[in-house]
J.: 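Starting off with a structure, shown below.
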Amino acid sequence: MNKKTEISCAEYPDVKLRMIKEDEIEMLRIWKNNNADSFFYTKEISPDQQLKWYEGYISRDNDFMLAVYYQENLVGCIGFRILEDKLIDIYNVILGVEGFASKGIMARTMEMLTTYLAGNYEFDITAKVLITNKAINWYKKNGFSIAEEKEDYYLILYDKSFLKNNLQIKTVQRI
Ligand SMILES: CC(C)(COP(=O)(O)OP(=O)(O)OC[C@H]1O[C@@H](n2cnc3c(N)ncnc32)[C@H](O)[C@@H]1OP(=O)(O)O)[C@@H](O)C(=O)NCCC(=O)NCCS
């Protein structure tokens with residue numbers, strides 16, 4: 001995996017996960033600001049801050065942000081990072097474009113990513129969800145369960161036996 005990888009699978013041909021490019025970060029910034037209540041960082045992010053984040057992101061080897069494309073429309077994002085060489089943290093999961101919500105695009109996205117991760121890393125796959133965020137129910141439907149309850153968030157763990165479809169994941173490199 002590098003910052004030019006694209007993940008796809010034959011089973012869900014409409015969904016492509018592409019490492020973000022600089023010209024997509026403004027869209028991500030808007031979505032993040034629109035959904036600030038769902039995340040730990042709740043302040044408005046400016047274009048300058050977003051660019052600084054991107055420059056830092058590009059320099060980090062174990063941090064990956066994927067743009068979610070559905071029928072070639074940019075509709076969302078999903079990130080993962082490898083923490084302390086032993087744990088995967090899925091983060092920044094957003095369906096950004098209203099008209100594409102509740103169609104199962106993000107469920108397919110999560111299944112594609114977890115299939116890829118389970119096939120390439122032995123690490124636990126986790127995420128952190130604010131206790132106030134109803135998205136916890138979405139995570140539960142998509143293979144996660146609560147591992148720990150902290151003061152303001154749940155640490156959730158993906159059950160790899162949830163992967164029953166055996167997706168044929170393909171990765172290609174953007175030129
Ligand atoms: C969490 C989030 C990414 C889910 O996106 P979504 O578009 O609603 O996700 P999905 O389409 O996969 O699932 C939503 C619904 O579609 C339904 N659905 C419809 N067609 C489906 C299909 N083919 N396959 C799976 N589910 C389908 C699901 O059953 C689900 O129903 P529910 O609302 O009754 O639970 C989105 O709500 C979001 O961006 N939230 C704000 C940000 C956030 O909280 N992120 C998580 C931070 S920890």
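No hydrogens, no waters, no symmetry mates; every other heavy atom, side chains included, goes into these values. Counting starts at 1 for both ligands and their atoms, in listed order. In this text the structure is predicted, and so the values were computed from the model without any measurement.
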J.: Who's closest to atom 38 (C) of ligand 1 heavy-atom-wise, of Leu130, Leu95, Val75, Thr109?
T.: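 When every heavy atom of Leu130, Leu95, Val75, Thr109 is considered, Leu95 comes closest to atom 38 (C) of ligand 1.
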J.: Return the residue, atom name and 0.1 Å-rounded distance of the protein heavy atom closest to atom 9 (O) of ligand 1.
T.: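 In this structure, atom 9 (O) of ligand 1 has Trp138 NE1, 3.2 Å as its nearest protein heavy atom.
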J.: Would you mind checking which non-hydrogen protein atom is closest to atom 23 (N) of ligand 1, with the distance to 0.1 Å?
T.: Lys103 O, 3.8 Å
J.: Out of the candidates Val129, Ile94, Asn133, only one should pair with Phe39 under the side chain to side chain contact (heavy atoms under 4.5 Å, CB included) rule; please name it.
T.: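 Answer after filtering Val129, Ile94, Asn133: Ile94.
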J.: Would you say atom 28 (C) of ligand 1 has a protein heavy atom nearer than 4.0 Å?
T.: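 Not a single protein heavy atom is under 4.0 Å away.
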J.: Contact between ligand 1 and Tyr91 is defined here as a heavy atom of the residue under 4.0 Å from a ligand atom; is it met?
T.: no
J.: Relative to the ring of Trp53, is the ring of Tyr57 parallel (under 30°), tilted (30 to 60°) or perpendicular (over 60°)?
T.: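 Parallel: the ring planes of Tyr57 and Trp53 meet at under 30°.
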J.: Among Asn137, Ile94, Val93, which one has a heavy atom closest to atom 43 (C) of ligand 1?
T.: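 Residue with the shortest heavy-atom distance to the ligand atom: Val93.
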J.: Using heavy atoms and a 4.0 Å limit, tell me yes or no: is Tyr139 in contact with ligand 1?
T.: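 Yes, that is the case, since the closest heavy atom of the residue is under 4.0 Å from the ligand.
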J.: Is Ala107 in polar range of ligand 1, meaning some N or O pair under 3.5 Å apart?
T.: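 Min N/O separation from ligand 1 is below 3.5 Å for Ala107.
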J.: Heavy-atom contact under 4.0 Å between Lys134 and ligand 1?
T.: no
J.: Does the pair Lys21/Glu24 count as a salt bridge with the N-to-O cut at 4.0 Å?
T.: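 Yes.
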J.: Within the 4.0 Å heavy-atom shell around Ser38, which atoms of ligand 1 are there?
T.: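 Numbered from 1, ligand 1 contributes 41 (C), 42 (C), 43 (C), 44 (O).
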J.: Identify the closest protein heavy atom to atom 35 (O) of ligand 1: which residue and atom is it, and at what distance?
T.: Lys141 NZ, 2.5 Å
J.: Test of understanding: clusters of I, L, V, M, F, W, Y form through side-chain heavy atoms closer than 4.5 Å, transitively. Do Val172 and Tyr116 belong to the same one?
T.: no
J.: If hydrogens are left out, which of Asn133, Asn35, Asn92, Ile136 has an atom nearest to atom 47 (C) of ligand 1, that is, the closest non-hydrogen atom?
T.: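 Of the listed residues, Asn133 has the closest heavy atom.
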J.: List the closest protein heavy-atom neighbour of atom 24 (N) of ligand 1: residue, atom name, distance to the nearest 0.1 Å.
T.: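 Protein heavy atom at minimum distance: Gly104 CA, 3.6 Å.
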J.: Looking only at protein heavy atoms, identify the closest one to atom 8 (O) of ligand 1 and say how far it is in Å.
T.: Ser102 N, 3.6 Å
